[in-house]
Amino acid sequence: MGDNCPTSRREKANACSSEPPALSPAAQRALQWLTGEPYAVRAKWFRKAQTLGAPDMRAATAPENIGRWVGLVADEVVKGLRV
């Protein structure tokens, strides 16, 4: 844990959790769609998310990690699905 992490067990569970944040309905839809897409598509959207502030992370495009950054691009992904 980093220096900024709280020390109590409850605070650690809440503040320093590696769990992805709660997702909006748009982000949930984008996550569902991106999970089924090939690597190249997921990588394209992750690069876009990075330009919007997503941190570098290992295996960011793995389906289980998409939820960590999909909120940054969810509106654009969903907009593209409606076309």
Side-chain angles (χ1 to χ4, degrees):
M1 300 263 171
D3 292 335
N4 296 334
C5 290
T7 55
S8 80
R9 185 177 297 169
R10 179 179 293 156
E11 288 175 317
K12 283 180 186 177
N14 293 333
C16 292
S17 175
S18 61
E19 293 295 315
L23 299 176
S24 68
Q28 290 174 2
R29 185 164 184 221
L31 173 64
Q32 182 179 14
W33 180 76
L34 282 169
T35 299
E37 291 300 301
Y39 168 79
V41 174
R42 296 190 311 263
K44 173 190 153 197
W45 283 107
F46 178 64
R47 286 191 300 274
K48 174 68 175 173
Q50 283 184 304
T51 66
L52 299 173
D56 287 335
M57 63 180 82
R58 293 181 140 210
T61 58
E64 61 271 12
N65 292 331
I66 296 171
R68 298 176 189 272
W69 53 265
V70 73
L72 295 169
V73 295
D75 291 335
E76 290 181 61
V77 171
V78 171
K79 183 178 174 184
L81 293 175
R82 292 184 185 150
V83 173

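In this structure, OG1 on T61 lies 14.5 Å from NZ on K44, to the nearest 0.5 angstrom.
In this structure, the side chain to side chain contact (heavy atoms under 4.5 Å, CB included) partners of A60, at least two apart in sequence or on a different chain, are F46, M57, W69. With sequence neighbours excluded, no residue forms a side chain to side chain donor-acceptor pair (under 3.5 Å) with E76. Shown here are the side chain to side chain contact (heavy atoms under 4.5 Å, CB included) partners of A40, two or more places apart in sequence or in another chain: there are none.
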In residues 25-38, what donor-acceptor pairs under 3.5 Å come from side-chain atoms, sequence neighbours left out?
| residue | atom | partner | partner atom | Å |
| --- | --- | --- | --- | --- |
| Q28 | NE2 | L23 | O | 3.2 |
| W33 | NE1 | E37 | OE2 | 3.4 |
| T35 | OG1 | L31 | O | 2.6 |

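Sorted by first and then second residue, the side-chain hydrogen bond (donor to acceptor under 3.5 Å, both in side chains) pairs with a member in residues 46-59 read Q50-D56; sequence neighbours excluded.
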Assess the residue pair V73 and L52 against the criterion (side chain to side chain contact (heavy atoms under 4.5 Å, CB included)); give the C-alpha distance rounded to whole Å, side-chain angles, the decisive distance to 0.1 Å, and a yes or no. CA-CA 8 Å; V73 295; L52 299 173; 4.0 Å; yes
